[in-house]
Amino acid sequence: MIKERIDEIRKQLTAKGFKLTAQREATVKVLLENEDNHLTTEEIYMIVKKDIPEIGIATVYRTLELLKDLHVVEKVNFGDGIARFDLRRQNQAHFHHHLICTECGAVQEILEDWLLPLEVRVEREFGFTVSDHRLDFQGVCHSCKTNQVNATCKAVS
């Protein structure tokens, strides 16, 4: 599956006049292998560097910016001031949504696009054509809520 995704990304780059160089491919591979981890530039760089020791962090930065500009990845910030990169899913018109726990920092993805009816309403009421959207919910995850309840119960006992 990773090979097919790399081939698809290669086609996207080629269609825009770019090549999938060895450094770019290594960066894409790290993103694909860590798709659920929302890695930072530095984390991506450290992993790529294991396979391509001569790569510089500036090359990884430029690659990620190019991939962002081509809508292969999204640059996201989950409220902690740190930029992370998240691959756009194949065959999805819009970026996926996230649940972000303000207690433990866990991030869960919502892959369904719940905002399509809202997009239609925005276009109808405001004459605004939406090209993309992103929705992040911040709150407390189930695990943290359970831990809070258990801690409260123990304190009362």
Side-chain angles (χ1 to χ4, degrees), residues 1-16 18-52 55-123 126 128-145 147:
M1 178 157 153
I2 288 180
K3 184 180 178 342
E4 291 85 12
R5 294 278 309 271
I6 289 173
D7 288 341
E8 182 61 36
I9 292 168
R10 177 179 285 112
K11 289 176 189 171
Q12 285 179 265
L13 267 69
T14 302
K16 300 285 184 169
F18 297 96
K19 293 182 180 181
L20 186 63
T21 63
Q23 294 90 344
R24 289 175 182 164
E25 185 170 343
T27 302
V28 167
K29 187 175 177 208
V30 167
L31 289 166
L32 288 167
E33 290 172 345
N34 296 277
E35 202 162 359
D36 295 330
N37 295 333
H38 306 97
L39 299 175
T40 66
T41 303
E42 291 77 15
E43 291 169 330
I44 295 165
Y45 166 69
M46 295 306 291
I47 297 168
V48 172
K49 192 165 179 60
K50 290 176 186 173
D51 288 334
I52 305 177
I55 196 166
I57 194 162
T59 300
V60 175
Y61 272 108
R62 284 191 304 273
T63 298
L64 291 169
E65 286 301 315
L66 173 65
L67 295 173
K68 180 180 73 72
D69 292 345
L70 297 176
H71 301 288
V72 174
V73 298
E74 289 288 328
K75 193 179 214 177
V76 294
N77 181 322
F78 296 129
D80 57 3
I82 299 170
R84 292 177 169 78
F85 290 86
D86 200 359
L87 277 167
R88 290 182 74 102
R89 305 287 181 188
Q90 271 186 301
N91 303 321
Q92 283 193 317
H94 300 290
F95 190 58
H96 56 272
H97 312 303
H98 295 95
L99 304 175
I100 305 160
C101 180
T102 55
E103 296 292 316
C104 69
V107 176
Q108 184 176 352
E109 295 181 344
I110 301 172
L111 299 180
E112 292 178 60
D113 192 348
W114 294 343
L115 296 181
L116 289 176
L118 183 58
E119 278 187 28
V120 171
R121 183 175 174 187
V122 165
E123 184 157 2
F126 298 95
F128 185 86
T129 302
V130 176
S131 59
D132 207 354
H133 61 252
R134 177 171 38 216
L135 181 62
D136 294 333
F137 292 94
Q138 296 183 356
V140 180
C141 70
H142 177 74
S143 180
C144 286
K145 276 196 305 192
N147 290 340

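Heavy-atom basis, side chains included; hydrogens, waters and symmetry copies ignored.
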Applying salt bridge (Lys or Arg N to Asp or Glu O under 4.0 Å) to E103 and K145, what does each step give before you reach the verdict? CA-CA 9 Å; E103 296 292 316; K145 276 196 305 192; over 6 Å; no

Just how far is it from atom CD1 of I82 to atom CD of E43, taken to the nearest 0.5 Å? 8.0 Å

Examine distances only and state if a side-chain atom of E123 and a backbone atom of V120 form a donor-acceptor pair shorter than 3.5 Å. no

Check salt bridge (charged side-chain N to carboxylate O under 4.0 Å, His left out) between K3 and all other residues, then give those that pass, not counting sequence neighbours. D7

Could you grab the distance from atom CD1 of I9 to atom CG of L70, nearest 0.5 Å is fine? 10.5 Å

Greater than 12 external heavy atoms within 6.0 Å of K29's NZ: no

Rounded at 0.5 Å granularity, tell me how far CG in L66 sits from CZ in R24. 5.0 Å

The reported gap from CD in E8 to CD in E4 (rounded to nearest 0.5 angstrom) is 10.5 Å

Could you go through the side chain to side chain contact (heavy atoms under 4.5 Å, CB included) check for Q23 and V48 one step at a time? CA-CA 8 Å; Q23 294 90 344; V48 172; over 6 Å; no

Without swapping roles, check the side chain of T27 against the backbone of T63 for a donor-acceptor pair under 3.5 Å. no

Check side-chain contact (heavy atoms from CB on, under 4.5 Å) between L99 and all other residues, then give those that pass, not counting sequence neighbours. Q108, I110, F137

Assess whether salt bridge (Lys or Arg N to Asp or Glu O under 4.0 Å) is satisfied between E65 and R62, documenting all intermediate values. CA-CA 5 Å; E65 286 301 315; R62 284 191 304 273; over 6 Å; no

So, T59 side chain and I55 main chain: donor-acceptor pair closer than 3.5 Å or not? no

Heavy-atom nearest pair, V73 first then L64, reads CG2-O, 3.9 Å

Between V76 and F85, is the side chain to side chain contact (heavy atoms under 4.5 Å, CB included) condition met? List the steps. CA-CA 6 Å; V76 294; F85 290 86; over 6 Å; no

How about E25 and R10: do any of their side-chain heavy atoms sit closer than 4.5 Å? yes

I would like to know whether C104 and C141 meet side chain to side chain contact (heavy atoms under 4.5 Å, CB included); could you show each step before the answer? CA-CA 8 Å; C104 69; C141 70; 3.9 Å; yes

Please tell me if the side chains of F126 and R121 come closer than 4.5 Å, counting only heavy atoms from C-beta onward. no

Intermediate values then yes/no, side chain to side chain contact (heavy atoms under 4.5 Å, CB included), E42 and I57: CA-CA 7 Å; E42 291 77 15; I57 194 162; 4.1 Å; yes

With sequence neighbours excluded, tell me which residues meet side-chain contact (heavy atoms from CB on, under 4.5 Å) with L118. L115, V122

Where C101 and V140 come nearest, the two heavy atoms and their spacing: SG-CA, 4.0 Å

Going from CG on L39 to CD1 on I47, what distance comes out if it is rounded to the nearest 0.5 angstrom? 5.0 Å

Stepwise, does the salt bridge (Lys or Arg N to Asp or Glu O under 4.0 Å) test hold for R5 with E33? CA-CA 11 Å; R5 294 278 309 271; E33 290 172 345; over 6 Å; no

May I ask you to test the K19-L13 pair for a side-chain heavy-atom distance under 4.5 Å? no

Give, for atom CG of D86 and atom CD of E35, the distance between the pair rounded to the nearest 0.5 Å. 7.5 Å

Answer yes or no: is there a donor N or O on one side and an acceptor on the other, between the side chain of R84 and the main chain of K75, under 3.5 Å? no

